[in-house]
Amino acid sequence: MVELVNVVGSGSFDREFDLSVVAEDLGSLAEFDEEKYPGMYVRLSEDSPLATIYRTGKFIVTGADSIDELYDVREELVDVLTGPGIILEDDLEWFSVQNLVCTTVLSSDLKLNALAIGLGLEQTEYEPEQFPGLIYRNPDFECVALIFSTGKAVITGSSDLEEAEAVASFLEEKLSRLQLN
DNA sequence: ACCTGCACTAAATAGCGCTCGTTACACT
DNA sequence: AGTGTAACGAGCGCTATTTAGTGCAGGT
């Protein structure tokens with residue numbers, strides 16, 4: 001059982017933007033400081049995910065806590081940009097999920113040194129002085145897991161939830177066989 | 001000229017170090 | 001009572017991971 005906590009998506013509009021002008025049109029919804037970063041931030045409401053729009057027409061959305069919310073933000077963004085005539089409704093070329101961040105609880109307390117050996121040293125990184133979590137990369141999966149001594153884990157890097165769930169199941173099965181807690 | 005790394009954003013995880021505020025105690 | 005110092009807790013920022021995007025600096 002994994003819990004989705006952050007979804008990142010990206011897309012592209014079929015036009016380029018003068019971000020200074022767009023930022024002015026969007027008023028308080030937009031934040032643009034060219035000196036600091038080349039992208040313009042757009043937050044549609046106080047707690048909503050953040051959209052970052054670039055001069056080239058490409059954009060990313062970060063901070064959604066579900067895939068549905070990510071697509072809702074995409075719709076709202078299109079509406080907000082269509083309103084003042086910044087884009088036309090069919091200017092959206094494509095949009096897709098790029099990255100999911102999930103959390104899960106694998107077990108109770110874990111001995112990470114033993115786990116690193118059990119999972120295979122070539123697939124793990126564990127340097128507690130540097131970072132308290134064990135980093136696990138399995139070439140059979142596209143995502144990466146951060147495993148902590150509390151038994152909690154973060155799974156990131158996949159673009160679909162089934163992949164993250166598969167990694168969690170794999171790790172749970174490994175742990176039950178290794179009996180490290 | 002080309003490649004790499006960094007600037008930034010979101011989110012969870014946990015441990016360490018630092019700063020800041022509050023409280024307690026000693027001394028004048 | 002007022003002031004100075006010490007101790008402690010809370011809160012924050014950093015460490016690491018991932019991903020998209022652009023632009024600039026620096027190195028090869």
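Lettering follows sequence order; numbering is per chain, from 1. These numbers come from a predicted model, not from an experiment.
- Residue V5(A) has its side chain nearest to dA11(B) when only dA11(B), dA20(C), dG21(C) are considered.
- We find that CD1 of I135(A) is positioned 14 Å from C1' of dG15(B), with the value rounded to whole Å.
- Across the interface with DNA chain B, nearest-nucleotide mapping of Y41(A) and P132(A) shows Y41(A) to be the residue nearer the 5′ end.
- Between dA10(B) and R43(A), a contact under 4.0 Å exists linking OP1 or OP2 to a side-chain N or O.
- Base engagement by V154(A) is indicated by at least one non-hydrogen atom pair under 4.0 Å involving a base atom.
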*Check the pair Q98(A), S96(A) against side-chain hydrogen bond (donor to acceptor under 3.5 Å, both in side chains), reporting the backbone distance first and the verdict last.*
CA-CA 6 Å; Q98(A) 299 295 343; S96(A) 59; 3.3 Å; yes
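- The nearest whole Å value for the distance from the CG atom in L110(A) to the C1' atom in dT13(B) is 13 Å.
- Between the side chain of Y37(A) and the base of dG21(C) there is at least one donor-acceptor pair of N/O atoms closer than 3.5 Å.
- In this structure, T103(A) reaches the sugar-phosphate backbone alone: every heavy-atom distance under 4.0 Å involves primed, P, OP1 or OP2 atoms, never a base.
- Spacing between atom CD of Q98(A) and atom P of dG21(C) amounts to 7 Å, rounded to whole angstrom units.
- Remark: P of dT22(C) and NZ of K58(A) are 5 Å apart, rounded to the nearest angstrom.
- Looking at heavy-atom distances under 4.0 Å, S159(A) makes no contact with the nucleic acid at all.
- Between Y54(A) and dG21(C), no base-stacking contact is recorded for ring centres under 5.5 Å apart and planes less than 30° from parallel.
- Cluster membership for V5(A) and I135(A), using ILVMFWY side-chain heavy atoms within less than 4.5 angstrom, is shared.
- Considering only side-chain N and O atoms, S149(A) lies under 4.0 angstrom from the phosphate OP1 or OP2 of dG15(B).
- Following rounding to the nearest Å, L146(A) (CG) and dG15(B) (P) show an atom-to-atom distance of 14 Å.
- Side-chain nitrogen and oxygen atoms of R137(A) include at least one within less than 4.0 Å of the OP1 or OP2 phosphate oxygen of dT18(C).
- Between D47(A) atom CG and dA11(B) atom C1' there is a gap of 14 Å when expressed in whole angstrom units.
- Heavy atoms of L50(A) sit under 4.0 angstrom from primed sugar atoms or phosphate atoms, though from no base atom.
- Here the side chain of N99(A) pairs no donor or acceptor atom with the backbone of V8(A) at under 3.5 angstrom.
- In this structure, L115(A) atom CG and dA14(B) atom P are separated by 15 Å, rounded to whole Å.
- At a cut-off of 3.5 angstrom, counting only N and O atoms as typed in the model, there is a donor on one side and an acceptor on the other between the side-chain of T156(A) and the base of dT18(C).
- Contacts of V8(A) with the nucleic acid, taken as non-hydrogen atoms under 4.0 Å apart, include base atoms.
- For the pair N6(A) and P38(A), nearest-nucleotide mapping onto DNA chain C gives the more 5' position to N6(A).
- The existence of a salt bridge linking E125(A) and R137(A) is confirmed by a sub-4.0 Å separation between a basic side-chain nitrogen and an acidic carboxylate oxygen.
- For the OP1/OP2 pair of dA14(B) and a distance below 4.0 Å, the side-chain nitrogens and oxygens of T150(A) include at least one atom meeting the criterion.
- If you take CD of E129(A) and C1' of dA14(B), they are 14 Å apart, rounded to a whole angstrom.
- Under the 6.0 Å cut-off for aromatic ring centres, F32(A) and Y41(A) do not qualify, their centroids lying 6.0 Å or more apart.
- Phosphate contact (OP1/OP2 of dT15(C), side-chain N/O of Q130(A), threshold under 4.0 Å): absent.
- The shortest side-chain heavy-atom distance between S20(A) and M40(A) does not fall under the 4.5 Å cut-off.
- Within the nucleic acid shown, T56(A) comes within 4.0 Å of sugar-phosphate atoms alone, with no base atom in reach, counting heavy atoms only.
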